[in-house]
Structures are given as structure tokens and as C-alpha cells.
Amino acid sequence: MSRTVRCLVLVAVLTALAGCGAKDRVKRFVGLAGPDPTEYIGPVYPATQSVAVAFQPGQVDKNCRVFAELLVQFPAKSSGAAVESAVLTEARARGAEQVLIGQTRQGKDDSGPRFLYYGPAYAYRCADQCGGWKFGFDLWEEQGEWVSLGYKEWGKAGAVFETPLVMQTLMLRCQ
């Protein structure tokens with residue numbers, strides 16, 4: 001492929017992306033925009049009243065699409081009830097119908113709760129890619145030991161985490 005053809009293809013792709021209203025997302029994910037992962041720049045949906053929770057990709061309906069990939073930070077002394085409340089409040093506000101909770105590690109940052117959004121640039125079917133957890137790796141790899149935060153801890157006031165936490169989370173819309 002000649003250099004001219006490659007340039008024309010690149011211009012066409014960038015023009016198409018800009019026309020779809022994805023320019024800011026594309027800029028962030030290719031490193032051209034200021035990286036402020038606390039700023040949500042994904043699709044806007046009406047708020048939801050309830051959000052289903054899954055801990056395994058197989059628990060997510062095949063029609064669900066991931067529209068937000070995020071790491072959630074919690075301060076030390078957070079309870080399972082506080083974690084559940086913060087995640088579900090944010091998910092309802094963003095219009096999620098379901099969340100998929102990934103793994104959790106001891107965090108280094110004791111602030112929060114804080115939601116760090118990493119994408120995706122475009123929504124994708126969970127059935128095709130869920131569970132890859134390929135976002136936020138630069139922050140994720142700096143965290144501490146693994147923490148059990150699953151069915152036994154989720155929503156429980158008595159499950160208190162002595163250290164800060166960082167948790168992988170996906171927000172989904174299902175049709």
C-alpha cells in the first residue's frame with residue numbers, strides 16, 4: 001500500500017471517528033488528551049433504578065454490552081456495604097443495567113471512593129470480550145496483595161477491609 005493511500009485511509013478513519021462524537025474518547029485512548037480518568041466520557045444513558053451484579057462473565061446475558069471499564073478505589077476501613085453502595089450508585093447514575101465485578105487488590109491510594117474510567121472507546125458485547133481486564137494495567141500492576149471481595153463480602157456491613165482497595169469493574173447495558 002502506497003504512502004498516499006495509507007494517509008487517505010488514516011484521514012478517512014479519523015474523520016469518521018470525529019463525526020461519530022467519539023473524538024474526545026479517541027484522543028484520550030491514543031494519548032492525545034489530558035489523562036483525567038475520573039472524568040467519564042462514555043455514552044450517556046438515562047439513570048436506572050436497579051443494577052444487577054455479576055462476579056463471573058458467564059453470569060452476564062449474551063446481549064449485554066460493556067460501555068464503561070473502570071478501576072474503583074476505596075479507602076481503608078471500607079465495608080462490603082460501602083463498596084456495594086458506591087458502585088451501584090455510580091452505575092445507576094451512568095445508566096448501567098448490570099455490573100461485572102472483577103478482582104480486587106490492596107490499594108496504595110487511601111482516598112475515595114474514586115472511579116477511574118479507562119474506556120472502552122466503543123461499547124462491545126460482553127459475550128465476546130468480558131473478563132480480559134486489559135485496561136488500567138499501569139495502575140493495576142502497582143497495587144498490593146489480592147483481596148477477596150465476592151459474594152461473602154459484597155453488601156455486608158461486617159466485612160471491613162483494613163487496607164485501601166482497588167477493584168476492577170465493568171458497566172453494561174443489556175437489550
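Residue indices begin at 1 and follow the sequence shown.
- With sequence neighbours excluded, no residue forms a ring pair (Phe, Tyr, Trp, His ring centres under 6.0 Å) with Phe137.
- Both Trp146 and Leu71 are part of a single hydrophobic cluster, where members link through side-chain heavy atoms under 4.5 Å apart.
- Using a 4.5 Å heavy-atom threshold, the side chains of Thr169 and Phe115 count as separate.
- With sequence neighbours excluded, no residue forms a ring pair (Phe, Tyr, Trp, His ring centres under 6.0 Å) with Tyr124.
- With Thr89 contributing its side chain and Ala86 its backbone, the two residues share no donor-acceptor pair below 3.5 Å.
- In this structure, the side chains of Tyr40 and Pro37 stay at 4.5 Å or more apart for every pair of heavy atoms.
- Residue pairs meeting the salt bridge (Lys or Arg N to Asp or Glu O under 4.0 Å) criterion with at least one member in residues 148-159: none, sequence neighbours excluded.
- Among residues at least two apart or in separate chains, salt bridge (Lys or Arg N to Asp or Glu O under 4.0 Å) pairs with a member in residues 61-82 are Lys77-Glu162.
- Not counting sequence neighbours, the partners of Phe67 by the ring pair (Phe, Tyr, Trp, His ring centres under 6.0 Å) test are Tyr45.
- The stretch residues 68-101 participates, sequence neighbours left out, in no disulfide (SG to SG under 2.5 Å) pair at all.
- Around the CD atom of Glu145, the shell of radius 6.0 Å holds no more than 12 heavy atoms that belong to other residues, nucleotides or ligands.
- Residues passing the side-chain hydrogen bond (donor to acceptor under 3.5 Å, both in side chains) test with Trp154 are Glu84, sequence neighbours excluded.
- Using a 4.5 Å heavy-atom cutoff, the side chains of Gln103 and Trp140 are in contact.
- Contact annotation: the side chain of Pro57 approaches that of Leu100 to within less than 4.5 Å [non-hydrogen atoms, C-beta and beyond].
- Residues forming a side-chain hydrogen bond (donor to acceptor under 3.5 Å, both in side chains) with Ser85 (at least two apart in sequence, or on another chain): none.
- Looking only at side-chain heavy atoms (C-beta outward), Ile101 and Val53 come within less than 4.5 Å of each other.
- Taking the side-chain hydrogen bond (donor to acceptor under 3.5 Å, both in side chains) definition, one finds that Gln59 meets it with Tyr151, sequence neighbours left out.
- Counting only residues at least two apart or in different chains, disulfide (SG to SG under 2.5 Å) contacts with residues 127-175 comprise Cys64-Cys174, Cys126-Cys130.
- For residues 105-128, the salt bridge (Lys or Arg N to Asp or Glu O under 4.0 Å) pairs, not counting sequence neighbours, are Asp109-Arg114, Arg125-Asp128.
- Taking Glu90 as the reference, Arg94, Tyr117 meet the side-chain hydrogen bond (donor to acceptor under 3.5 Å, both in side chains) condition, with sequence neighbours excluded.
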List the steps and the verdict of side-chain contact (heavy atoms from CB on, under 4.5 Å) for Leu139 and Tyr118.
CA-CA 11 Å; Leu139 176 68; Tyr118 289 91; 3.7 Å; yes

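- Looking at Arg173 and Asn63, their side chains never come closer than 4.5 Å, going by heavy atoms from C-beta outward.
- You'll find the side chain of Gln168 stays beyond 4.5 Å of the side chain of Thr104, heavy atoms only.
- Formation of a donor-acceptor pair under 3.5 Å by the Thr38 side chain with backbone atoms of Leu116 is not found in this model.
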Taking it one step at a time, do Val87 and Met171 satisfy side-chain contact (heavy atoms from CB on, under 4.5 Å)?
CA-CA 10 Å; Val87 169; Met171 292 185 189; over 6 Å; no

